[in-house]
Amino acid sequence: MYNKPPSQRNDLNGLLGLLLALLFASPLMDWWANSASAWYLVYLFWAIIITLAAYLVHHHDDHEP
């Protein structure tokens, strides 16, 4: 059903979680959340996170059409 072993899938999901924590719960957030940054930057970060998550799900999903 899955191409990669469960431990490797969990590692990729963990890395995605760390990226979320880095962007939204660290001092790095002060950099992109200040008033001088573009208004759409937060939406861009969320779009990147959603795209990466969708890629991980699609990449590991090996169902027949």
dist L16:CG -> I50:CD1 (nearest 0.5 Å) comes out at 10.5 Å
In terms of hydrophobic clusters joined by side-chain contacts under 4.5 Å, are L22 and L15 together?
no
When rounded to the nearest 0.5 angstrom, what is the spacing between OH in Y40 and CZ in F45?
11.0 Å
Does some side-chain heavy atom of F24 sit less than 4.5 Å from a side-chain heavy atom of L19?
no
Identify whether L18 and Y55 are in the same connected component of the hydrophobic contact network (ILVMFWY, side-chain heavy atoms under 4.5 Å).
no
Are the side chains of L52 and I48 in touch, meaning some heavy atoms are under 4.5 Å apart?
yes
Check the pair T51, W46 against side chain to side chain contact (heavy atoms under 4.5 Å, CB included), reporting the backbone distance first and the verdict last.
CA-CA 8 Å; T51 303; W46 275 115; over 6 Å; no
Once rounded to the nearest 0.5 Å, what's the spacing between atom CG of L23 and atom CG of L41?
9.0 Å
